[in-house]
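Notes follow the structure.
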Amino acid sequence: MPTQARPSTGEQAKQHALAQLRQAILHGEMAPAQRLVENELAEQFGVTRASIRAALIDLEAQGLVERIRNRGSRVRVVTVEEAVAITECRMALEGLCAAKAAVAASDEQLAELTALGTAMTKAVADGEPVTYSDLNHELHARVREFSGQRTAVELLERLNAQLVRHRFQLALRPGRPQQSLNEHLAMIETIRARDPQAAEAAVRAHLGSVIEALRD
């Protein structure tokens with residue numbers, strides 16, 4: 001059977017462009033302040049300019065794209081001050097998720113967190129900051145998932161998407177992975193102990209350390 005052609009117009013085309021653009025921004029393939037030219041993107045993704053324009057409007061609402069008057073769209077630049085403010089919001093929401101996970105997580109899920117902690121320890125010992133950064137992201141995602149707090153998860157996904165560049169830069173800063181490793185292991189240990197108050201405190205301590213590092 002012939003492969004079905006990718007839709008170039010309509011809602012499916014917009015969703016295709018939206019997914020591709022979002023992934024490129026989150027993976028750092030499109031840098032902060034990079035101009036997003038509708039004609040070029042339409043050709044790249046095989047959709048119409050209208051589909052690209054609609055996707056950019058959605059990405060602007062998600063805080064990933066900004067429109068500059070008379071200059072079009074570009075990848076949003078998140079300042080250090082904004083990154084700190086976003087992380088302060090994360091403290092409340094991720095603390096809530098950790099407390100919920102300490103109560104709700106299954107034994108299998110706790111074992112998964114323990115395995116992530118082991119892998120993070122190895123990444124630091126092996127001097128692999130990029131691997132550590134990926135595992136860091138995975139750990140936070142799993143804690144959110146295991147919490148069962150869907151509203152907090154949705155809010156955090158939007159907030160975290162805006163911090164990708166800063167998170168990657170912190171991971172590459174000399175000595176930062178070693179410092180944050182113990183904070184992450186404390187998060188895992190308190191959730192495994194099924195101590196919601198201690199789990200929330202561990203997350204808040206970790207993100208407080210992130211704020212200090214952002215300001216350095």
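Numbers here are sequence positions counted from 1.
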* For L135 and A123, which heavy atoms make the closest approach, and how far apart are they? -> CD1-CB, 4.2 Å

* Indicate, with yes or no, if L159 and V153 share a hydrophobic cluster defined by side-chain heavy-atom contacts under 4.5 Å among Ile, Leu, Val, Met, Phe, Trp and Tyr. => no

* Of the non-hydrogen atoms in A152 and C97, which two are nearest, and what is the gap between them? -> CB-SG, 3.7 Å

* Transitively linked via ILVMFWY side-chain contacts under 4.5 Å: I86 with V65? -> no

* **Pair E138 + R142: basic N to acidic O under 4.0 Å** => yes

* Same cluster (ILVMFWY, side-chain, under 4.5 Å), I52 and V75 -> yes

* Asked: Does E200 reach the side chain of L96, with side-chain heavy atoms less than 4.5 Å apart?
  -> no

* Looking at side-chain heavy atoms only, is the closest gap between R67 and E60 below 4.5 Å? -> yes

* Asked: Closest approach of A104 and F146, non-hydrogen atoms and distance?
  -> CB-O, 3.9 Å

* Heavy-atom neighbours of E88 CD exceed 12 at 6.0 Å -> yes

* Check step by step if side chain to side chain contact (heavy atoms under 4.5 Å, CB included) holds for T131 and D134. => CA-CA 5 Å; T131 299; D134 290 342; 5.7 Å; no

* Any side-chain donor near an acceptor of the partner, S51 and T48, under 3.5 Å -> yes

* To do: May I ask you to say whether D107 pairs ionically with R194, meaning some side-chain N is under 4.0 Å from a carboxylate O?
  => yes

* Could you check E94 against N160 for side chain to side chain contact (heavy atoms under 4.5 Å, CB included), going step by step and ending with a plain yes or no? => CA-CA 11 Å; E94 295 214 28; N160 286 324; 3.9 Å; yes

* Asked: Does the side chain of E66 come under 3.5 Å of the side chain of S73 through a donor N or O and an acceptor N or O?
  -> no

* **L64 reachable from L18 in the ILVMFWY side-chain graph, under 4.5 Å edges** => yes

* Worked check of side chain to side chain contact (heavy atoms under 4.5 Å, CB included) between E82 and R76 -> CA-CA 11 Å; E82 288 175 307; R76 182 170 171 243; 2.7 Å; yes

* From R90 atom CZ to I211 atom CD1, the distance as rounded to the nearest 0.5 Å -> 9.0 Å

* Structure fact -> Output for pair (N182 CG, E189 CD), nearest 0.5 Å, gives 12.0 Å

* **H140 and H184 aromatic ring geometry - parallel, tilted or perpendicular at 30°/60° bounds** => perpendicular

* Residues in side chain to side chain contact (heavy atoms under 4.5 Å, CB included) with A83, at least two apart? -> V78, L163, H166, L214

* Does CD belonging to E128 count more than 12 external heavy atoms closer than 6.0 Å? -> yes

* Structure fact -> Cluster membership besides I57, Ile/Leu/Val/Met/Phe/Trp/Tyr side chains within less than 4.5 angstrom, sorted by chain and number, is none

* Asked: Hey, is the main chain of A61 close enough, under 3.5 Å, to the side chain of R158 for a donor-acceptor pair?
  -> yes

* Asked: How close do I188 and L113 get, heavy atom to heavy atom, and via which atoms?
  -> CD1-O, 3.4 Å

* Between V203 and L93, is there a shared hydrophobic cluster once you connect ILVMFWY residues whose side-chain heavy atoms come closer than 4.5 Å? -> no

* Would you find a donor on one side and an acceptor on the other, under 3.5 Å apart, between the side chain of T118 and the backbone of T114? -> yes

* What are the two closest non-hydrogen atoms of A199 and T190, and how far apart are they? -> CA-OG1, 3.2 Å

* To do: Output yes when R22 and D58 qualify as a salt bridge under the 4.0 Å nitrogen-oxygen rule, no when they do not.
  => no

* Identify whether the distance between the nearest side-chain nitrogen and carboxylate oxygen of E183 and R176 falls below 4.0 Å. => yes

* For Y132 and L181, indicate whether the former's side chain and the latter's backbone hold a donor-acceptor pair under 3.5 Å. => yes

* Structure fact -> In terms of heavy-atom contacts, L110 and R192 come closest through CD2-CA, 4.0 Å

* Structure fact -> Output for pair (S133 OG, M120 CE), nearest 0.5 Å, gives 9.0 Å

* Asked: Which is it for T79 and V84 under the side chain to side chain contact (heavy atoms under 4.5 Å, CB included) test, yes or no, and what are the steps along the way?
  -> CA-CA 9 Å; T79 66; V84 167; over 6 Å; no

* Asked: Taking only residues two or more places apart in sequence or in another chain, which ones pass side chain to side chain contact (heavy atoms under 4.5 Å, CB included) with R35?
  -> V37

* Structure fact -> Separation between CD (E112) and CG (L139), nearest 0.5 Å, reads 10.0 Å

* Asked: Got M187 and L185 here, is their nearest side-chain heavy-atom distance under 4.5 Å?
  -> no

* Asked: Testing H16, E11, Q12 for side chain to side chain contact (heavy atoms under 4.5 Å, CB included) with K14, which one passes?
  -> E11

